[in-house]
Amino acid sequence: MGSDPAATGGGAALRRRHPSPNFGPRRDGLRPELVVVHFTEMRSAEAALDRLSDPAAEVSAHYLIGRDGTLWQMVEEEMRAWHAGAGAWLGRGDVNSRSIGIELDNDGQSPFAAPLMRTLESLLAGLLPRWRIAPQGVIAHSDMAPGRKVDPGPRFDWRRLALQGLAIWPEAPGDPDAPLAASLDRIGYPDVAPELRLAAFRLRFRPGATGPESAMDRAVADAVARLS
């Protein structure tokens, strides 16, 4: 495994190369317009590296960030990594061909480590302008695959990214009478069962919220839709 002494934009983390064989060309001339954020839900970054580079697993990502802030590049950004799976965003499928996938070394239950978050911020600060990806294009795996995926989960700090222009987060609720379905369509959520869409939206923007659709769900979704 080679390493590049160049840091990830902010000079805080070493970028290492750990090539995965699990990739191919982007289809139909598509290019990255999304960044999909995942968690590994594994015991260590090394275990995740092994799985993401195992041909039998048929999964990969462009980048993996360890809890200590180490950054591994596994697939070149120009290529199609196999990270997103089935799902859609803004009415379009084949998210793998339209995105860059970032795996975060996290067990799915714990807070995200500070060194990891700093490296992620540095990586995104370079990625977004390089590919002309808007902050709205930084999404959760759970956003594009409601009911199938839950990562990076309710512990992930989306507002922290938004404050740096690296994602979106509403600072105030919108209209509580705005139809929820229309707002979720505008944000980009796929056309799946309403309860699955609501759960995915809450996981991202209202972690901990439960029960039937509420006025606060509608108000926050309206506010997010206005940012989209």
Side-chain angles (χ1 to χ4, degrees), residues 32-39 41 83-104 106 108-109 111-112 117 120-121 124 127-128 131-228:
E33 59 189 42
L34 301 169
V35 174
V36 181
V37 180
H38 309 253
F39 61 39
E41 205 172 14
H83 63 96
W89 191 249
L90 288 171
R92 299 168 61 198
D94 192 7
V95 174
N96 280 333
S97 286
R98 302 192 291 121
S99 68
I100 289 172
I102 302 175
E103 289 276 359
L104 306 179
N106 182 275
Q109 305 295 324
F112 287 79
M117 291 299 296
L120 174 62
E121 290 159 354
L124 289 173
L127 273 179
L128 300 192
W131 290 102
R132 298 182 182 177
I133 298 173
Q136 293 87 340
V138 181
I139 65 172
H141 198 191
S142 55
D143 287 331
M144 51 141 296
R148 188 175 69 84
K149 294 295 181 178
V150 297
D151 51 319
R155 305 296 298 266
F156 187 73
D157 193 347
W158 288 101
R159 186 172 183 270
R160 171 174 170 160
L161 295 185
L163 289 172
Q164 301 175 70
L166 303 175
I168 59 171
W169 186 266
E171 288 305 316
D175 181 359
D177 295 320
L180 180 64
S183 294
L184 297 184
D185 287 343
R186 183 174 171 185
I187 296 166
Y189 284 93
D191 184 14
V192 296
E195 64 273 15
L196 297 181
R197 294 219 298 176
L198 176 58
F201 170 77
R202 284 174 166 173
L203 191 60
R204 167 79 183 268
F205 294 105
R206 297 198 67 218
T210 59
E213 175 189 320
S214 69
M216 185 55 70
D217 290 319
R218 293 189 292 273
V220 174
D222 177 63
V224 177
R226 293 172 187 268
L227 298 173
S228 301

Minimum heavy-atom distance between Phe39 and Gly108, given as atom pair plus value: CE2-CA, 3.6 Å

Value rounded to 0.5 Å, distance of CG in Leu127 from CD1 in Ile102: 5.5 Å

Exercise: identify the closest heavy-atom pair between Ser142 and Lys149: CB-O, 3.2 Å

Heavy-atom closest contact (Leu203 atom, Val150 atom, distance): CD2-O, 3.3 Å

Point-to-point distance, once rounded to the nearest 0.5 Å, from CZ of Arg98 to CG of Leu90: 7.0 Å

Heavy-atom closest contact (Asp222 atom, Gly174 atom, distance): OD2-CA, 3.4 Å

From CG (Leu166) to CD (Glu121), nearest 0.5 Å: 7.0 Å

Gln109 atom CD, neighbour heavy-atom count above 12 within 6.0 Å: no

Asp175 CG to Arg226 CZ distance, which is reported to the nearest 0.5 Å: 6.5 Å

Salt bridge Glu171-Arg159, side-chain N to carboxylate O under 4.0 Å: yes

Minimum heavy-atom distance between Ala172 and Ala223, given as atom pair plus value: O-CB, 3.2 Å

Criterion side chain to side chain contact (heavy atoms under 4.5 Å, CB included) on Val220 and Phe201, from CA distance to verdict: CA-CA 10 Å; Val220 174; Phe201 170 77; 3.7 Å; yes

4.5 Å side-chain heavy-atom contact, Ile168 and Arg204: yes

Spacing of CG belonging to Asp94 relative to OG belonging to Ser99, to within rounding of 0.5 Å: 8.5 Å

Minimal non-hydrogen separation, Trp158 against Ile139, with atom names: CH2-C, 3.6 Å

Exam field: side chain Gln136 to backbone Leu227, donor-acceptor pair closer than 3.5 Å: yes

Side chain to side chain contact (heavy atoms under 4.5 Å, CB included) partner of Tyr189, the single match among Leu196, Leu198, Asp143: Asp143

Asp157 atom CG: more than 12 heavy-atom contacts under 6.0 Å: yes

Ring geometry between Phe156 and Phe112 (parallel below 30°, tilted from 30 to 60°, perpendicular above 60°): perpendicular

Spatial distance of atom CE (Met216) from atom CZ (Arg202) [nearest 0.5 Å]: 11.5 Å

His141 side chain to Ala84 backbone, donor-acceptor under 3.5 Å: yes

From CA spacing to verdict: side chain to side chain contact (heavy atoms under 4.5 Å, CB included), Arg197, Asp185: CA-CA 10 Å; Arg197 294 219 298 176; Asp185 287 343; 2.8 Å; yes

